[in-house]
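Below is one structure, written out as structure tokens; the observations come after it.
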Amino acid sequence: MKVSRQDFTDPKWRCWLSGERLEQARRIKSGKQQQIYLGAEVLLNRSLERIGAGLSLPAVYTRTVHGKPYLYGQKGLYVNWSHSKDCVLCGLSDQEIGVDLQYMEKEPKKALVYRVLQPEERIFYEQAASGQQKVLFYQYWAVKESYLKARGTGFSAPLDAFYVRMEGAYPEVVQRDQKTGWTCRLLNAAEGYAAAVCTEGVQDLRADIPVEWTGSEI
């Protein structure tokens, strides 16, 4: 959802915002960041409403020590969200899920490329046409972060414990310890953004994952 030109402090959004979220938003000095922060919870609760989750809204959720959110007292329904620039992205699943959204503003410097990409990834990256490398870098970043968020570790996990293959039809996360598999997809994000979703287990990727980018409201 695009959150630009919205005022989520308006009473019309109140039923999808928790008192805690509103209180925390008041501490954010940047008006733009405040709207992004509030917009993420609005999108989460409107999404839960749309799928008929049957929860009292705004939903109550808790966080792990690494910040991963879980719906309070709810089993079999997992959520995750991300925001960047003036867009927010929310994912719902019956498996552990992570989503990530990256605004592709700056050309990545070589030092950043070497810090983020593993040797196996840099081979494919460096073989790409120079005009494609910027998008490819942000796609790598989005897949990596969605995977780490799905696992619940965030960037506390070492980046050299896995790498991403982009050569096939879909991104493939290769874990060096060969533990439980994960399924990742790049999403058709808003223009200028890279986005990815990652879920636990090996899923059937033949069916498209529905993604709806909305304007002022959903």
Side-chain angles (χ1 to χ4, degrees), residues 1-64 66-72 74 77-93 96-106 138-139 141-150 152 154-155 185-199 209-218:
M1 180 173 69
K2 290 185 177 181
V3 301
S4 55
R5 299 185 299 278
Q6 291 301 312
D7 180 11
F8 291 107
T9 62
D10 188 290
K12 72 177 183 178
W13 301 106
R14 185 65 182 84
C15 60
W16 296 293
L17 286 166
S18 63
E20 180 183 4
R21 193 79 169 185
L22 285 166
E23 179 60 32
Q24 291 173 340
R26 293 188 186 102
R27 303 171 189 171
I28 301 174
K29 295 181 179 179
S30 167
K32 182 178 179 180
Q33 289 303 313
Q34 184 185 72
Q35 294 307 307
I36 284 282
Y37 184 76
L38 293 174
E41 188 170 79
V42 168
L43 181 60
L44 166 67
N45 285 294
R46 292 296 298 269
S47 299
L48 289 168
E49 180 182 60
R50 173 167 287 188
I51 68 168
L55 300 176
S56 177
L57 302 178
V60 178
Y61 52 89
T62 59
R63 291 183 181 271
T64 66
H66 295 298
K68 184 174 182 180
Y70 284 93
L71 296 172
Y72 183 77
Q74 183 74 18
L77 179 58
Y78 300 87
V79 300
N80 204 244
W81 59 85
S82 180
H83 53 77
S84 184
K85 189 66 173 178
D86 62 355
C87 285
V88 292
L89 172 68
C90 177
L92 308 176
S93 177
E96 292 281 5
I97 185 173
V99 297
D100 189 57
L101 181 67
Q102 296 290 330
Y103 180 60
M104 300 183 291
E105 182 175 17
K106 298 179 180 179
Y138 282 102
Q139 288 176 336
W141 189 311
V143 172
K144 285 170 177 282
E145 190 153 350
S146 66
Y147 164 69
L148 292 173
K149 290 171 74 175
F155 280 103
R185 278 285 304 270
L186 292 170
L187 303 176
N188 292 321
E191 185 177 356
Y193 291 81
V197 57
C198 188
T199 54
I209 299 175
V211 179
E212 179 182 358
W213 288 98
T214 65
S216 59
E217 298 183 28
I218 60 171

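D86 contributes atom CG, which lies 10.5 Å from atom CD of Q33 (distance to the nearest 0.5 angstrom). A distance of 12.5 Å separates NZ of K85 from CG of L101, quoted to the nearest 0.5 Å. To the nearest 0.5 Å, the span separating CD1 on I51 from CG on L92 amounts to 4.5 Å. Atom CG in L38 sits 10.5 Å away from atom NE2 in H83 (nearest 0.5 Å). Rounding to the nearest 0.5 angstrom, the gap separating the CD1 atom in I36 from the SG atom in C87 is 7.0 Å. Rounded to the nearest 0.5 angstrom, L22 CG and R14 CZ are separated by 5.0 Å.
Side-chain contact between W13 and R46 is present, with heavy atoms from C-beta onward closer than 4.5 Å. For the pair L89 and Y193, the minimum side-chain heavy-atom distance is 4.5 Å or more. With a 4.5 Å cut-off on side-chain heavy atoms, W16 and R21 do not count as touching. When side chains are defined from C-beta on, S82 does not count as touching E145, because their heavy atoms never get closer than 4.5 Å.
Among residues two or more places apart in sequence or in another chain, the side chain to side chain donor-acceptor pair (under 3.5 Å) test is passed with R26 by E23. Y103 is linked by a side chain to side chain donor-acceptor pair (under 3.5 Å) to nothing, counting only residues two or more places apart in sequence or in another chain.
Legend: ring pair (Phe, Tyr, Trp, His ring centres under 6.0 Å) pairs involving residues 24-47, not counting sequence neighbours: none detected.
Residues V99 and N80 approach most closely at N-OD1, 3.0 Å, considering heavy atoms. Annotation for Q34 and A25: closest pair NE2-O, 2.9 Å, computed over non-hydrogen atoms. For K149 against W81, the heavy-atom pair with the smallest separation is NZ-O, 2.8 Å. When every heavy atom of C15 is checked against every heavy atom of P58, the shortest pair comes out as O-CD, 3.4 Å.
The main-chain N or O of V3 is never found under 3.5 Å from a side-chain atom of Q35 such that the two would form a donor-acceptor pair. A donor-acceptor contact shorter than 3.5 Å is absent between the side chain of N45 and the backbone of L17. Within the 3.5 Å criterion, the main-chain N or O of A150 finds a donor-acceptor partner in the side chain of K68. Between the side chain of Q102 and the main chain of A194, no donor-acceptor pair closer than 3.5 Å is present.
V197 pairs in a side chain to side chain contact (heavy atoms under 4.5 Å, CB included) with only one of the listed residues (I97, V143, D100, L186), which is I97.
For the 3.5 Å distance criterion, the side chains of E105 and Y138 fail to qualify, holding no donor opposite an acceptor.
Other residues, nucleotides and ligands place more than 12 heavy atoms under 6.0 Å from the CD atom of Q24.
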